[in-house]
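Note sheet for the following structure.
Computed from a predicted structure; not experimentally measured.
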Amino acid sequence: MRRSRIVTAILWAGVVVLAAATSGCSAYYPPHMRPLSAKTRALMAEKGMTESQPILIRVFKAESELEVWKQKDDGHFYHLKTYPICNFSGGLGPKQKQGDLQAPEGFYLVDEKRLNPKSHYHLSFNIGYPNAYDRALKRTGANLMVHGECKSRGCYAMTDAVIEEIYALALEAFAGGQEKFQIHAFPFRMTTANLAAHTDSPWFDFWVNLKEGYDYFEVTRLEPTFAVCGRRYVVNGDFPGGTLPNPKRACPRYSKLPMVAFKPKTERRAVAQSTLAKPLGSVMDLQFGEITPVYNVMTLGPATPDPKEKAQKEASADGKKKVAQRGSYAD
């Protein structure tokens, strides 16, 4: 009887293990080995992407958002997903020294060695602070991460589920042959209007410099190249002989590589699917039932302009003028 019970227990254990292996349930994998969800794989398929294609990450502090982009076969990057940043410490502005609890801003590179599957914060990857720019300004600090657990001491903290997905996307990209991926960390979305609202910030000139990298990617959907000299980033600079400048010295003569605007093709497949999800009447612009009449009323407006509105417009125009004085950038 006892032997029979043991055999039965072993058989049931085998059934449980087999069910776990064949169910595809990620709960049976350690966090760093969990595959992408079926929903994310379906989204990539819908957008014409593959798991192994290279990635690029952008971070926006003020909006608390982290974007993941994927590079398709045409060499351009296409938006995959935007994830909420659960927490970050400090405020707008770059990290300057160890212990200031600021999250970094700038342009960084992550290789596979920077991934940490045994992180104290679920999973993490080191963003590469300090980079050449930070070191040229003698900034200090180390181990600045994107990680889980929604806790931050100078890092960008995500929920555990979100960091698992970003970590999996990075692993797939490395497995596909990508050696390093770029992280662009910004204080906010670097539009001219947003930047004009911060002309009084001590970091205004630094942010104008960051905007060069932001604009290049926005316009071309290509990875910018970065060099450092003269205490600033040089975005897509063409240096004589292809030799990068010394980050701690003044910039030598160089020229700017051309910036060719990219116009992505409309993804017919995605459009067709979104159309099928709508009611037939809305697709064909048909209306049913009683229609409420719409009346257009013309007004001449107030007899005198609102002084508050006038002051706001003048302040905005003055801020944009300051941005323009430091160079011409695209919105």
Side-chain angles (χ1 to χ4, degrees), residues 47-49 53-63 65-83 92 94 104-110 127 131 133 169 173 178 180-199 203-230 232-239 242 244-245 251 254-268 270-271 316-317 319-331:
K47 294 190 174 189
M49 302 172 178
Q53 288 171 329
I55 64 171
L56 181 146
I57 289 177
R58 300 201 303 176
V59 171
F60 300 96
K61 278 184 178 178
E63 293 82 1
E65 291 179 342
L66 182 150
E67 296 177 346
V68 175
W69 295 71
K70 272 196 160 286
Q71 186 182 43
K72 291 188 180 181
D73 294 341
D74 64 1
H76 295 277
F77 282 84
Y78 295 76
H79 179 253
L80 172 60
K81 287 181 84 171
T82 298
Y83 300 91
L92 302 185
E105 294 173 9
F107 304 107
Y108 299 92
L109 285 172
V110 177
I127 71 170
N131 61 14
Y133 175 89
L169 288 167
Q178 186 174 16
K180 300 176 181 179
F181 65 83
Q182 291 187 359
I183 293 185
H184 302 174
F186 299 112
F188 41 77
R189 294 194 179 275
M190 307 298 287
T191 64
T192 299
N194 283 347
L195 195 56
H198 292 84
T199 53
W203 301 115
F204 179 72
D205 288 337
F206 169 63
W207 291 339
V208 169
N209 189 200
L210 293 189
K211 182 169 166 54
E212 294 181 51
Y214 174 89
D215 286 345
Y216 183 84
F217 184 78
E218 284 287 306
V219 172
T220 68
R221 292 291 190 263
L222 298 172
E223 274 187 338
T225 61
F226 299 105
V228 179
C229 57
R232 68 191 309 274
Y233 289 104
V234 177
V235 180
N236 275 53
D238 185 13
F239 294 89
L244 293 179
C251 292
Y254 68 91
S255 58
K256 281 275 193 177
L257 295 173
M259 186 164 64
V260 180
F262 171 60
K263 295 181 180 180
K265 296 179 181 179
T266 303
E267 297 182 19
R268 295 181 181 178
V271 172
S316 177
K320 290 182 179 179
K321 185 177 179 181
K322 288 184 180 181
V323 175
Q325 287 173 349
R326 287 163 172 79
S328 177
Y329 304 102
D331 257 334

Considering all heavy atoms of both residues, which atom of I127 and which atom of P104 are nearest to each other, and what is their separation?
-> CD1-CG, 3.7 Å
Option among W207, F204, W203 that satisfies the ring-ring contact (aromatic ring centres under 6.0 Å, His included) test with H198 = W207
Got a second to check how far N194's CG is from K211's NZ, nearest 0.5 Å?
-> 9.0 Å
Any side-chain heavy-atom pair from I57 and H184 closer than 4.5 angstrom?
-> no
Taking everything shown except K180 itself, do over 12 heavy atoms lie less than 6.0 Å from its NZ?
-> no
Y254: ring pair (Phe, Tyr, Trp, His ring centres under 6.0 Å) partners, not counting sequence neighbours | F239
Side-chain touch M259/N236, heavy atoms, less than 4.5 angstrom | no
Counting N and O atoms only, with roles assigned by atom type, does the side chain of K72 sit under 3.5 Å from a partner on the main chain of Q53, one being a donor and the other an acceptor?
-> no
Can you sort out the partners of K256 under salt bridge (charged side-chain N to carboxylate O under 4.0 Å, His left out), two or more places apart, ordered by chain and number?
-> E212
Work out which heavy atom in P187 is nearest to a heavy atom in L210; give both atom names and the distance.
-> CD-CD1, 4.1 Å
May I ask you to test the V234-P245 pair for a side-chain heavy-atom distance under 4.5 Å?
-> no
May I ask you to test the M49-Y78 pair for a side-chain heavy-atom distance under 4.5 Å?
-> yes
Under the side-chain contact (heavy atoms from CB on, under 4.5 Å) rule, what do F226 and N131 come out as? Steps first, then yes or no, please.
-> CA-CA 11 Å; F226 299 105; N131 61 14; over 6 Å; no
Which residues share a salt bridge (charged side-chain N to carboxylate O under 4.0 Å, His left out) with E105, sequence neighbours left out = K61
Shortest non-hydrogen contact from V235 toward P224 | CG1-CB, 4.0 Å
Non-neighbouring partners of E63 that pass salt bridge (charged side-chain N to carboxylate O under 4.0 Å, His left out), sequence neighbours left out | none
Check: K70 and L169 side chains under 4.5 Å, non-hydrogen atoms = yes
Do M190 and D215 touch side chain to side chain, with heavy atoms closer than 4.5 Å?
-> no
Please identify each residue that fulfils side-chain contact (heavy atoms from CB on, under 4.5 Å) with D238, with sequence neighbours left out.
-> S255, L257
Among all residues two or more places apart in sequence or in another chain, which pass the side-chain hydrogen bond (donor to acceptor under 3.5 Å, both in side chains) test with H76?
-> none
Contact check, side chains of L222 and F262, non-hydrogen atoms, under 4.5 Å | no
Report the residues that fulfil ring pair (Phe, Tyr, Trp, His ring centres under 6.0 Å) with F60, sequence neighbours left out, ordered by chain and then residue number.
-> F186
Looking at residues at least two apart in the chain, or sitting in another chain, which of them share a ring pair (Phe, Tyr, Trp, His ring centres under 6.0 Å) with Y133?
-> F206, Y233
Check for a donor-acceptor pair, side chain of R221 on one end and backbone N or O of E218 on the other, with a separation under 3.5 Å.
-> yes
If you take all heavy atoms of A227 and L244, which pair is closest and at what distance?
-> CB-CD2, 4.0 Å
What is the distance from atom OH of Y216 to atom OG1 of T225, rounded to the nearest 0.5 Å?
-> 7.0 Å
Could you check if a side-chain atom of F181 sits within less than 4.5 angstrom of a side-chain atom of I183, using non-hydrogen atoms only?
-> yes
Least distance between heavy atoms, Y83 atom then V68 atom | CE1-CG2, 3.6 Å
Got a sec, which residues hit side-chain hydrogen bond (donor to acceptor under 3.5 Å, both in side chains) with E67, two or more places apart in sequence or on another chain?
-> R58, W69, R189
Under the side-chain contact (heavy atoms from CB on, under 4.5 Å) test, residues paired with Q71 that sit two or more places apart = P54, F77
